[in-house]
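Every chain is numbered from 1 and lettered A, B, ... according to where its sequence line falls, protein lines coming before strand lines. All of these numbers come straight from a predicted model, not from anything done at the bench.
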Amino acid sequence: MKDHDAIKLFVGQIPRNLEESDLKPLFEEFGKIYELTVLKDRFTGMHKGCAFLTYCARDSALKAQSALHEQKTLPGMNRPIQVKPADSEGRGDRKLFVGMLGKQQSEDDVRRLFEPFGQIEECTILRGPDGASKGCAFVKYGSHAEAQAAINSLHGSQTMPGASSSLVVKFADTDKERTLRRMHQMAGQLGIFNPMTIQFGAYGAYTQAIMQQQAALMAAAQGTCLNPMAAIAAAQMQQMAAFNVSGLVAAPMTPSSGTSTPPGISTAPVPSIATPIGVNGFSPLPPQTNGQPASETIYTNGIHPYPAQSPTVADPLQQAYAGMQHYAGPAAYPAAYAPISQAFHQQAPIIPQQQREGPEGCNLFIYHLPQEFGDAELMQMFLPFGNVISAKVFVDRATNQSKCFGFVSFDNPTSAQAAIQAMNGFQIGMKRLKVQLKRPKDANRPY
DNA sequence: TTATATT
């Protein structure tokens with residue numbers, strides 16, 4: 001039998017003409033073999049040039065590893081033999097994520113920092129496409145214990161030059177965690193988990209503006225397809241369907257259902273949800289008298305009540321923006337119309353974002369966001385102005401609470417300007433948004 | 001009140 005703590009070894013760089021019987025003598029030198037299996041292709045039966053090897057004794061495995069691994073090259077091979085614990089042995093987490101590094105720190109710098117705690121198998125600085133450090137790295141040790149020792153000693157131990165907070169040292173995400181995080185991110189971009197916007201239409205008149213816009217598009221698409229516009233609209237139907245789940249347009253597009261409300265979203269009548277002032281500072285409209293379910297009631301934009309009336313596509317443009325509140329006077333109106341025309345050529349930005357920042361002049365800083373706005377809500381708010389390549393709300397890392405400001409990046413400056421024109425000063429509850437170009441990193445230096 | 005990032 002084999003030891004309870006036996007190690008399964010992976011053996012690589014084996015000539016394909018050697019079978020188990022040929023290999024056995026070579027490895028028996030270090031102890032009694034419990035199991036030796038050459039890996040074969042499951043369909044063709046072809047020798048894969050590697051094997052799994054388990055000794056009866058753990059000690060035999062360790063001896064074989066130190067004597068053979070990278071130590072000799074088998075006939076016909078041009079790389080030395082590999083003898084090391086199989087991946088399946090899972091020696092526990094030993095890979096670390098390191099954050100809050102200085103952007104100028106090299107792999108060598110990081111190695112020097114982590115060397116005292118163990119054997120480093122791998123050290124990689126994460127870099128953007130331009131090669132610039134992202135201020136974080138992966139460091140892999142030979143064992144879990146070494147990795148843990150590094151965490152204990154280094155996490156929070158110092159603040160690197162140029163970093164905004166002390167060094168972060170933690171176990172890296174597993175593949176599963178990474179996949180989950182990606183999925184969650186995508187779901188957020190599709191607006192699937194957006195109770196606020198589904199129930200209330202978080203930003204009142206603005207929401208209505210978008211809903212009207214969508215309604216107009218739908219009407220065009222459903223009408224007689226004899227004109228080019230309708231054809232275009234029809235071509236956008238699939239994209240529209242994506243929008244339909246986005247919460248912003250869920251209410252008008254699921255007429256009088258009430259049963260299609262996503263799980264976890266209350267369908268209780270409005271008065272039980274919203275106080276006269278509204279939970280979020282929004283005032284509810286007077287009850288509708290046309291038989292619409294309460295859950296589809298439209299909310300107004302703060303102080304100024306929007307006239308209660310059924311949605312109509314008769315004059316969607318004018319009606320859509322009637323409730324917008326701006327610092328600017330009538331001059332704001334042309335800008336307010338821009339989103340509607342631009343919405344047509346929008347490519348659904350549901351492809352995962354790899355880019356955080358857009359070109360110069362395309363990145364906006366937004367302040368006075370509602371506390372409950374997340375990345376998805378921020379993105380939805382700015383979608384009508386163009387291709388949003390990134391929308392990020394700054395959250396406090398300790399409390400996970402929004403700091404009520406964020407960043408939105410477009411792929412072109414015109415969209416960014418349109419967004420500023422339409423959304424700067426936009427009133428939400430008691431606050432008005434501040435929307436301006438993001439300050440360049442090197443600006444505002446006193447000297 | 002101007003980016004805490006995951007090969």
Side-chain angles (χ1 to χ4, degrees), chain A residues 87 93-105 107 110 120-141 147 151 154-156 158-160 162-186 352-371 373-375 378-379 388-410 416 419-420 424-425 431-446:
Chain A
D87 286 348
D93 279 351
R94 42 198 249 273
K95 193 183 310 185
L96 300 177
F97 174 80
V98 184
M100 286 290 103
L101 287 167
K103 301 257 195 261
Q104 76 302 330
Q105 284 184 289
E107 323 240 334
V110 175
I120 297 174
E121 282 186 17
E122 189 183 310
C123 174
T124 325
I125 305 249
L126 272 62
R127 300 179 186 279
D130 54 354
S133 165
K134 290 183 167 178
C136 51
F138 290 109
V139 173
K140 187 160 150 193
Y141 280 105
I151 291 174
L154 292 178
H155 180 67
Q158 54 201 291
T159 299
M160 296 305 179
S164 59
S165 180
S166 62
L167 193 66
V168 171
V169 183
K170 52 194 278 208
F171 287 112
D173 282 359
T174 64
D175 287 351
K176 278 170 216 118
E177 289 167 325
R178 196 157 71 241
T179 305
L180 271 178
R181 186 160 39 74
R182 292 249 164 89
M183 283 170 57
H184 202 265
Q185 197 173 297
M186 283 179 102
Q353 50 191 71
Q354 354 84 293
Q355 203 179 349
R356 280 258 88 90
E357 209 165 307
E360 181 77 29
C362 301
N363 305 299
L364 302 182
F365 169 68
I366 296 99
Y367 193 54
H368 293 313
L369 287 169
Q371 173 70 47
F373 264 42
D375 294 353
L378 183 62
M379 168 167 287
V388 175
I389 62 179
S390 157
K392 190 96 205 131
V393 173
F394 197 122
V395 295
D396 183 280
R397 101 186 99 91
T399 67
N400 246 2
Q401 294 290 296
S402 163
K403 291 189 156 172
C404 297
F405 69 89
F407 302 93
V408 168
S409 295
F410 289 98
I420 292 173
N424 187 36
K431 300 194 296 189
R432 287 178 186 277
L433 289 183
K434 174 184 279 194
V435 180
Q436 44 187 228
L437 284 178
K438 178 189 175 300
R439 189 200 293 150
K441 310 182 235 313
D442 50 13
N444 268 7
R445 289 281 138 79

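- The nearest whole Å value for the distance from the CZ atom in A:F394 to the C1' atom in B:dT2 is 9 Å.
- For A:F407 and B:dA3, the ring-to-base geometry satisfies the stacking test (centroid distance below 5.5 Å, interplanar angle below 30°).
- Between the C1' atom of B:dT2 and the CG atom of A:N424 lies a distance of 15 Å, rounded to the nearest Å.
- A:Q436 comes within 4.0 angstrom of a base, heavy atoms only.
- For A:K392 and A:D375, the salt-bridge test passes: some basic side-chain N is under 4.0 Å from an acidic carboxylate O.
- The nucleotide whose nearest atom lies closest to any side-chain atom of A:E357 is, among B:dT4, B:dT6, B:dA3, B:dA3.
- For A:V168, whose side chain is taken as the heavy atoms from C-beta onward, the closest listed nucleotide among B:dT6, B:dA5, B:dT2 is B:dA5.
- Base engagement by A:K170 is indicated by at least one non-hydrogen atom pair under 4.0 Å involving a base atom.
- Remark: C1' of B:dA5 and CZ of A:R178 are 14 Å apart, rounded to the nearest angstrom.
- Taking atom NZ of A:K403 as the reference point, atom C1' of B:dA3 lies 11 Å away to the nearest angstrom.
- Residues A:K434 and A:F138 both approach DNA chain B. Their nearest nucleotides, taken by heavy-atom distance, put A:K434 toward the 5′ side.
- Among the atoms of the strands shown, base atoms are found under 4.0 Å from some heavy atom of A:S165.
- A straight line from CD1 of A:I125 to C1' of B:dA5 spans 12 Å, rounded to a whole angstrom.
- Between the CG atom of A:L126 and the C1' atom of B:dA3 there is a distance of 16 Å, rounded to whole Å.
- A:L369 pairs by the side-chain contact (heavy atoms from CB on, under 4.5 Å) definition with A:I366, A:F373, A:L378, A:M381, A:V393, A:L433, not counting sequence neighbours.
- B:dT2 atom C1' lies 11 Å from atom CG of A:N363, rounded to whole Å.
- Proximity of A:R181 to the phosphate of B:dT4: no side-chain N or O atom is located under 4.0 Å from OP1 or OP2.
- Nucleic acid contact for A:F405: sugar-phosphate only, since backbone atoms but no base atoms lie under 4.0 Å from a heavy atom of the residue.
- Legend: residues meeting side chain to side chain donor-acceptor pair (under 3.5 Å) with A:Q436, ordered by chain and number and at least two apart, are absent.
- Atom NE2 of A:H368 and atom CZ of A:R432 lie 11.0 Å apart (nearest 0.5 Å).
- Rounded to whole angstrom, the span from the CZ atom of A:R127 across to the P atom of B:dT7 amounts to 15 Å.
- Donor-acceptor pairing under 3.5 Å, judged by distance alone, is absent between the side chain of A:K392 and the base of B:dT2.
- Summarising the geometry, atom SG belonging to A:C404 is positioned 14.0 Å from atom NZ belonging to A:K434; distances are rounded to the nearest 0.5 Å.
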